[in-house]
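Worksheet for the structure shown next.
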Amino acid sequence: MNRPVNPPAIRAPFSRYSHGVLAPAGAEILVTSGQLGVGPDDLVPEDVEAQCVLCFENLSAILAEAGMSFADVIRFNAFVTDRAYFPIYGAVRSRYVSGETYASTLVIVSGFTRPEFKVEVEITAARLP
């Protein structure tokens, strides 16, 4: 089982995540590329929430293909193009993920490969085979 690492000597996490996550010895590790808010039809919704949902649906498909779920995710790296998108991203993530046994980073960026993209999310997951 993945174990959260939150030393009492440092400030508690700002929201629902852990400062570190320790995967057990022998765990299989899945690392994804960043997933953008684009559907299989190459359509990109204008709405940032809809883009976030597509990111998480894409990640869900990758996890399922690897025999994993969001319960196995130990790290989220998210990138948004506007500070105002942070709470929207967080709300969507909360629909897909429970608990706090994952590390999390969110970065505000100036843009992505196509100007219509507003969010990108990558994950690392670990589980015992």
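Predicted model only: the values in this text are computed from it and were never measured.
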Report yes or no: do [X] and [Y] belong to one cluster of Ile/Leu/Val/Met/Phe/Trp/Tyr joined by side chain heavy-atom distances under 4.5 Å?
| X | Y | value |
| --- | --- | --- |
| Tyr96 | Ile88 | yes |
| Val109 | Val38 | yes |
| Val97 | Phe79 | no |
| Val107 | Phe112 | yes |
| Leu59 | Val80 | yes |

Q) Can you tell me how far the CZ atom of Arg75 sits from the OG1 atom of Thr32, to the nearest 0.5 Å? A)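 Interatomic distance, Arg75 CZ to Thr32 OG1, rounded to 0.5 Å: 12.0 Å.
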Backbone N or O of [Y] within a donor-acceptor pair of the [X] side chain at under 3.5 Å?
| X | Y | answer |
| --- | --- | --- |
| Asn58 | Leu54 | yes |
| Ser60 | Phe56 | no |
| Ser18 | Glu100 | yes |

**Q.** Axial cation check for Phe14 ring with Arg16, 6.0 Å and 45° limits
**A.**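 Not satisfied by the 6.0 Å and 45° rule.
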Q) Do Asp82 and Ile108 pass the side chain to side chain contact (heavy atoms under 4.5 Å, CB included) test, and can you show the C-alpha distance, the side-chain angles, and the key distance before you say yes or no? A) CA-CA 6 Å; Asp82 190 309; Ile108 300 163; 6.0 Å; no
(Q) Give me the atom names and distance for the closest heavy-atom approach of Thr101 to Asn2. (A) CG2-O, 3.6 Å
Name the atoms and distances for all side-chain donor-acceptor pairs under 3.5 Å in residues 42-53, with sequence neighbours left out.
unit_1, atom_1, unit_2, atom_2, d
Asp42, OD1, Arg114, NH1, 3.2
Glu46, OE2, Lys118, NZ, 3.1
Asp47, OD2, Glu49, N, 3.2
Asp47, OD2, Ala50, N, 2.9
Glu49, OE2, Arg95, NH1, 3.4
Glu49, OE2, Arg95, NH2, 2.2
Gln51, OE1, Lys118, N, 2.8
Gln51, NE2, Pro45, O, 2.8
Gln51, NE2, Glu116, O, 2.9

Q | Partners passing ring pair (Phe, Tyr, Trp, His ring centres under 6.0 Å) against Tyr102 (at least two apart in sequence or in another chain) | A | Phe76
(Q) side chain to side chain contact (heavy atoms under 4.5 Å, CB included), that's the test. Do Ile62 and Leu30 meet it? Break it down for me. (A) CA-CA 9 Å; Ile62 295 166; Leu30 171 69; 4.1 Å; yes
Any non-hydrogen side-chain atom of [X] less than 4.5 Å from a side-chain atom of [Y]?
| X | Y | answer |
| --- | --- | --- |
| Leu63 | Val73 | yes |
| His19 | Pro13 | yes |
| Val5 | Val21 | no |
| Asp72 | Ile74 | no |

Atom pairs and distances, side-chain donor-acceptor, residues 121-129, under 3.5 Å, sequence neighbours left out:
unit_1, atom_1, unit_2, atom_2, d
Glu122, OE2, Asn77, ND2, 2.9
Arg127, NE, Gly67, O, 3.3
Arg127, NH2, Glu28, OE1, 3.2
Arg127, NH2, Ala66, O, 3.2

